[in-house]
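Have a look at the structure below before the remarks.
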Amino acid sequence: MSTTIPWRSWLLLGALSLLLFLITASTFSSLGVVLPAMIKEQGWAFGPAFLGFTFLGAFCGGSSKLPAMLIRKIGVRGTIIAGSAVMVAGFACLAASPGLAVYLIGTALLGVGYQMMALIPGTHVLSMLFKKRALPFGIYFTIGSLGGVVGPWMAVSGMQMAHGGWRPYWWAQAIAAVLVGALCAALVGGRAWLEAAAVETDKAVAEDIQAAPVNAQVYRTATDWTVKEAVATPQFWVILAAYFAHLLGGVTAVSLAPTHFSEIGVASAVAVTAISLESLMQVAARMGGGLLGDRVDPRWLLAGAQGMMAVGLLSLTHATSWPVMMLFAVGVGVGFGLTVLAVSILLLNYYGRKNNLEIFSLVCLVGAVSALGPVIGGLMRDRLGGFAPTFQLFSAVIGVIFVAALFMRPPRKATQVEPVAEPVPDMLQDAA
């Protein structure tokens with residue numbers, strides 16, 4: 001990478017990380033805290049009110065193709081500005097909500113705006129700026145996941161400052177979305193700067209691959225795949241399944257765990273501690289994965305994440321003692337935290353950067369389906385009398401994906417030349 005732009009790359013990484021932190025904290029992590037006050041004042045029923053969570057998750061996953069299309073047409077800067085506008089509209093609907101319909105429209109807009117401002121533009125820009133992506137991706141996802149830890153406290157503090165009012169809190173989030181969105185849009189620059197940076201990055205990656213065609217620790221393709229070519233490989237479907245499973249298992253566990261703990265006799269204070277530890281483990285896993293991702297094959301990170309998620313969900317079925325609850329917190333937390341990082345790196349390593357925007361957005365589409373996890377858990381609870389069968393079922397599904405990830409190998413095009421191996425010490429030095 002050219003020595004004339006690294007400072008701006010790292011500054012932009014900080015701004016994008018702040019953006020992911022803010023919108024994670026103010027949407028998914030704040031809504032559950034603020035919603036009871038909204039329900040009490042507006043007189044809503046709990047069922048329709050909690051439908052806002054489903055709207056938020058479903059529209060976030062279902063709109064993942066939109067950012068890719070906008071980035072190709074109006075650039076990253078234009079997409080972030082448009083995303084800020086959608087986020088402000090969503091927060092405004094919540095803040096000014098006269099009834100349930102406007103509130104639900106607001107949660108849908110927040111889901112779309114989240115996708116336009118968060119993972120897809122962020123990972124796209126970082127892949128253009130950094131030759132070794134695991135560390136910047138790790139920083140990006142780590143700071144973003146901290147939003148999940150800080151968000152509830154931010155909501156509580158904001159409502160206390162407003163003397164219990166929830167409308168000022170949503171207006172404050174709208175203002176914050178404008179400010180941070182404007183900062184990112186200013187730093188990301190126009191297409192010319194990003195394209196010049198991407199040329200330098202691609203050149204550096206190609207030089208590394210030429211120097212060490214087979215890397216014992218990290219495999220990176222020298223050929224860009226089209227979306228059609230990528231989708232035709234079994235590796236793509238293993239990665240897609242892993243992304244789907246981590247959302248399905250993680251969202252379901254966190255959504256149902258409080259009620260499940262109550263039903264199996266766990267004290268509420270103990271349950272909250274275990275769930276908070278799970279969130280902290282996500283943060284630790286993403287930072288640790290960022291440090292390791294350029295030194296070990298990310299396939300092992302993905303397989304390990306799926307294995308730990310399966311164990312964590314299985315342990316949740318009978319988590320009545322501290323050791324078993326810690327196994328749940330560590331397993332689900334590390335599994336959830338590592339998967340999205342490993343998926344992001346593997347897609348770049350296997351299919352190249354040129355079409356990663358469309359390939360990654362295609363993977364993100366399954367987020368809409370994973371929002372059904374808590375609904376499935378509720379239906380199974382009604383029929384079977386508990387949540388344990390749901391956790392066992394999802395654990396078994398993730399276990400199958402764990403085995404598939406273990407045996408997965410990098411895809412190769414029919415015309416791709418088999419590279420010649422390098423001595424292991426040289427490869428380790430290249431990966432360091």
So, do [X] and [Y] sit near enough that their side-chain heavy atoms are less than 4.5 Å apart?
X: Cys364; Y: Tyr243; answer: yes
X: Met325; Y: Leu277; answer: no
X: Ile139; Y: Trp10; answer: yes
X: Leu20; Y: Ile143; answer: no
X: Trp170; Y: Ser97; answer: no
X: Trp166; Y: Leu35; answer: no
X: Phe137; Y: Leu348; answer: yes
X: Tyr351; Y: Asp224; answer: no

Backbone of [Y] reached by a side-chain donor or acceptor of [X] within 3.5 Å:
X: Arg299; Y: Met408; answer: yes
X: Arg133; Y: Leu126; answer: no
X: Tyr169; Y: Ala162; answer: no
X: Thr252; Y: Gly249; answer: no
X: Ser315; Y: Phe328; answer: yes
X: Ser64; Y: Leu365; answer: yes
X: Thr24; Y: Ser145; answer: no
X: Arg167; Y: Ala95; answer: yes
X: Gln173; Y: Ser30; answer: no

Output the distance between atom [atom1] ([X]) and atom [atom2] ([Y]), rounded to the nearest 0.5 Å.
X: Leu56; Y: Leu51; atom1: CG; atom2: CG; answer: 11.0 Å
X: Thr226; Y: Ile359; atom1: OG1; atom2: CD1; answer: 7.5 Å
X: Ser361; Y: Leu66; atom1: OG; atom2: CG; answer: 10.0 Å
X: Leu314; Y: Ser395; atom1: CG; atom2: OG; answer: 4.5 Å
X: Leu109; Y: Leu104; atom1: CG; atom2: CG; answer: 11.0 Å
X: Leu135; Y: Leu292; atom1: CG; atom2: CG; answer: 11.0 Å

What heavy-atom pair brings [X] and [Y] nearest, and what distance separates the two atoms?
X: Ala319; Y: Phe261; value: O-CE2, 3.6 Å
X: Thr79; Y: Met116; value: CG2-O, 3.7 Å
X: Val76; Y: Ile71; value: CG2-CG2, 3.9 Å
X: Arg72; Y: Lys354; value: NH2-O, 3.0 Å
X: Pro298; Y: Ala342; value: O-CB, 3.9 Å
X: Phe130; Y: Pro136; value: CG-CG, 3.6 Å

Verdict with supporting geometry, Leu194 and Leu129, side-chain contact (heavy atoms from CB on, under 4.5 Å): CA-CA 8 Å; Leu194 276 177; Leu129 299 180; 4.2 Å; yes
Below 30° counts as parallel, above 60° as perpendicular, anything between as tilted: where do the rings of Phe59 and Phe55 land?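 If you compare the ring of Phe59 with that of Phe55, the planes turn out tilted.
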Parallel, tilted or perpendicular: which one describes the rings of Phe391 and His260, with boundaries at 30° and 60°?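 Phe391 vs His260 ring planes: perpendicular.
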So for atom CZ, which belongs to Arg409, do other residues, nucleotides or ligands contribute more than 12 heavy atoms lying within a distance under 6.0 Å?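 Atom CZ in Arg409 is packed in, count exceeds 12.
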Tell me, with the steps shown, if Phe141 and Thr123 meet side-chain contact (heavy atoms from CB on, under 4.5 Å). CA-CA 10 Å; Phe141 288 125; Thr123 54; 3.8 Å; yes
We want to know whether Thr233 and Tyr350 form a side-chain donor-acceptor pair, criterion being a heavy-atom distance below 3.5 angstrom.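 Side-chain D/A pair, Thr233 to Tyr350: absent.
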Would Val180 and Phe21 satisfy side-chain contact (heavy atoms from CB on, under 4.5 Å), going step by step from the backbone distance to the final call? CA-CA 10 Å; Val180 181; Phe21 169 88; over 6 Å; no
Could you give me the CA-CA distance, side-chain angles and deciding distance for Phe28 and Val251, then say whether side-chain contact (heavy atoms from CB on, under 4.5 Å) is met? CA-CA 11 Å; Phe28 289 96; Val251 171; over 6 Å; no
For this output row, return yes or no: ring centroids of Phe244 and Trp237 closer than 6.0 angstrom.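 Ring-ring flag for Phe244/Trp237: false, centres at least 6.0 Å apart.
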Measure from NZ or CZ of Arg77 to the centre of the six-membered ring of Trp193, then state whether that distance is under 6.0 Å and the direction lies within 45° of the axis.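 Cation-pi check for Arg77 and Trp193: fails.
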